[in-house]
Amino acid sequence: KILFSDIDSSSTLSVGRMLDAMQDCVNINSESIGKGIEYLLKTRRTWFAINWYIEINRYPKMFEDVVVKTWPYNFSSSMGLRNVIIEDENGEVIIAADSIWTLVDLDTGRPIRITDEDSTGYDLEEKYPIENPGRKIKVPAEFKLIDTVAVKKSDIDYNGHMSNGKYIQLADEYMPLDAIISKIRVEYKSQSRLGEAIEIYMAEEKESTFIKIQGKEDGSLKAVVEMS
């Protein structure tokens with residue numbers, strides 16, 4: 001059920017809480033087969049999101065009942081591909097997402113090959129009919145620096161880095177209050193840590209707004225978010 005704490009000024013599900021619901025569902029899927037946080041920390045590995053593509057047909061309203069579902073549809077080398085959908089009470093898909101994850105060694109920070117042990121328990125299902133435009137986002141040539149912020153304690157996940165959903169939530173802060181976002185793409189490049197200063201750059205092209213997030217000190221690109 002969509003509650004008061006889940007909505008924004010339009011009285012519908014906010015972008016940030018939408019990502020929370022999707023990530024919670026993904027985590028529940030892993031926990032339900034014994035491959036959740038405890039397993040990952042014990043085996044010194046974790047899943048990093050490297051791409052999200054989300055299509056929003058409509059945002060559910062306050063007190064509306066919804067169902068969030070997820071399933072992986074492919075494992076290849078170090079990558080796992082996964083769909084997440086949100087259905088309304090009539091079973092209609094109102095939000096659909098495609099995502100790409102990579103399995104990473106927590107000690108080296110490098111991608112590692114997915115073993116049978118890593119994938120056992122996950123039931124592969126058919127890919128949802130959503131066309132992910134691809135991992136790489138083609139960005140405009142010119143961006144404008146619009147803000148500098150510090151990574152907060154509330155941004156950090158169990159890996160000690162800024163949670164992937166927080167990048168989308170951060171980008172949404174710079175969209176107009178009355179913006180109706182129907183598509184979101186994210187390309188993750190590197191991790192942000194607690195207290196790190198990150199610069200926010202913006203560019204607009206046709207019907208899309210691009211937010212580029214990079215480290216202030218070293219200029220490392222953290223993520224690119226496209227909203228349209």
Minimal non-hydrogen separation, [X] against [Y], with atom names:
| X | Y | result |
| --- | --- | --- |
| A150 | G195 | CB-O, 4.3 Å |
| R193 | V151 | O-CB, 3.2 Å |
| M22 | A97 | CE-CB, 3.9 Å |

Verify whether one side chain among [X] and [Y] offers a donor that lies under 3.5 Å from an acceptor in the other.
| X | Y | result |
| --- | --- | --- |
| D8 | S10 | yes |
| D157 | Q23 | no |
| T70 | N29 | no |
| D123 | Y73 | no |
| Y122 | S30 | yes |
| E207 | S228 | no |
| Y174 | T209 | no |
| E55 | Y53 | yes |

Please examine the side chains of [Y] and [X], heavy atoms only from C-beta on, and report whether any two atoms are closer than 4.5 Å.
| X | Y | result |
| --- | --- | --- |
| K127 | N74 | no |
| V84 | Y128 | no |
| E226 | S208 | yes |
| N164 | W52 | yes |
| I85 | V68 | no |
| S119 | K35 | no |
| S77 | R113 | yes |
| I168 | D172 | no |

- Query: With sequence neighbours left out, which residue pairs that include part of residues 60-69 fulfil the side chain to side chain donor-acceptor pair (under 3.5 Å) condition?
  - Reply: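 Counting only pairs at least two positions apart or across chains, the side chain to side chain donor-acceptor pair (under 3.5 Å) contacts touching residues 60-69 are K1-D65, R58-E64, K69-E87.
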Donor-acceptor pair, [X] side chain versus [Y] backbone, under 3.5 Å?
| X | Y | answer |
| --- | --- | --- |
| Q214 | I198 | no |
| W71 | E126 | yes |
| S76 | M79 | no |
| D88 | I94 | no |
| D105 | G109 | no |
| T46 | V104 | no |
| T108 | R110 | yes |
| T148 | E199 | no |

Does [X] come within less than 4.0 Å of [Y], counting only side-chain N to carboxylate O?
| X | Y | value |
| --- | --- | --- |
| R185 | E187 | no |
| R44 | D107 | yes |
| E196 | K222 | yes |

Greater than 12 external heavy atoms within 6.0 Å of [X]'s [atom1]:
| X | atom1 | result |
| --- | --- | --- |
| D116 | CG | no |
| L177 | CG | no |
| I180 | CD1 | no |

- Look at the aromatic rings of F210 and F143 and report parallel, tilted or perpendicular, splitting at 30° and 60°.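 Perpendicular: the ring planes of F210 and F143 meet at over 60°.
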- Intermediate values then yes/no, side-chain contact (heavy atoms from CB on, under 4.5 Å), T120 and D118: CA-CA 6 Å; T120 296; D118 296 317; over 6 Å; no
- F4/F63 aromatic ring centres below 6.0 Å: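 No: the rings miss the under 6.0 Å criterion.
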- Message: Is the distance from the ring center of Y188 to that of Y167 below 6.0 Å?
- Response: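 Centroid distance Y188-Y167: below 6.0 Å, so yes.
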- Going by the side chain to side chain contact (heavy atoms under 4.5 Å, CB included) test, name the single residue among N83, L81, N51 that passes it with N132.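 Result for side chain to side chain contact (heavy atoms under 4.5 Å, CB included) with N132: N51.
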- Say you draw a straight line from CD1 of I86 to CG of L13; how long is it, rounded to the nearest 0.5 Å?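 Here the interatomic distance stands at 6.0 Å.
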- Query: Is there a side-chain contact (heavy atoms from CB on, under 4.5 Å) between L145 and I200 once you walk through the steps?
  - Reply: CA-CA 6 Å; L145 176 64; I200 315 300; 5.7 Å; no
Out of curiosity, does [Y] fall in the hydrophobic cluster containing [X] (side-chain heavy atoms, cut-off under 4.5 Å, transitive links)?
| X | Y | result |
| --- | --- | --- |
| V93 | V15 | no |
| M227 | I130 | no |
| M18 | I2 | yes |

- Message: Applying side-chain contact (heavy atoms from CB on, under 4.5 Å) to Q191 and N159, what does each step give before you reach the verdict?
- Response: CA-CA 10 Å; Q191 302 297 319; N159 292 310; over 6 Å; no
- Task: Would you sort out whether I137 and V225 count as a side-chain contact (heavy atoms from CB on, under 4.5 Å), showing the intermediate values?
- Result: CA-CA 8 Å; I137 298 177; V225 182; over 6 Å; no
- Query: Is the NZ or CZ atom of K42 both under 6.0 Å from the centre of the six-membered ring of Y39 and within 45° of that ring's axis?
  - Reply: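 Negative - K42 is either too far from the ring of Y39 or too far off its axis.
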- Take S14 and Y59 through the side-chain hydrogen bond (donor to acceptor under 3.5 Å, both in side chains) test and state the conclusion after the steps. CA-CA 8 Å; S14 70; Y59 291 87; over 6 Å; no
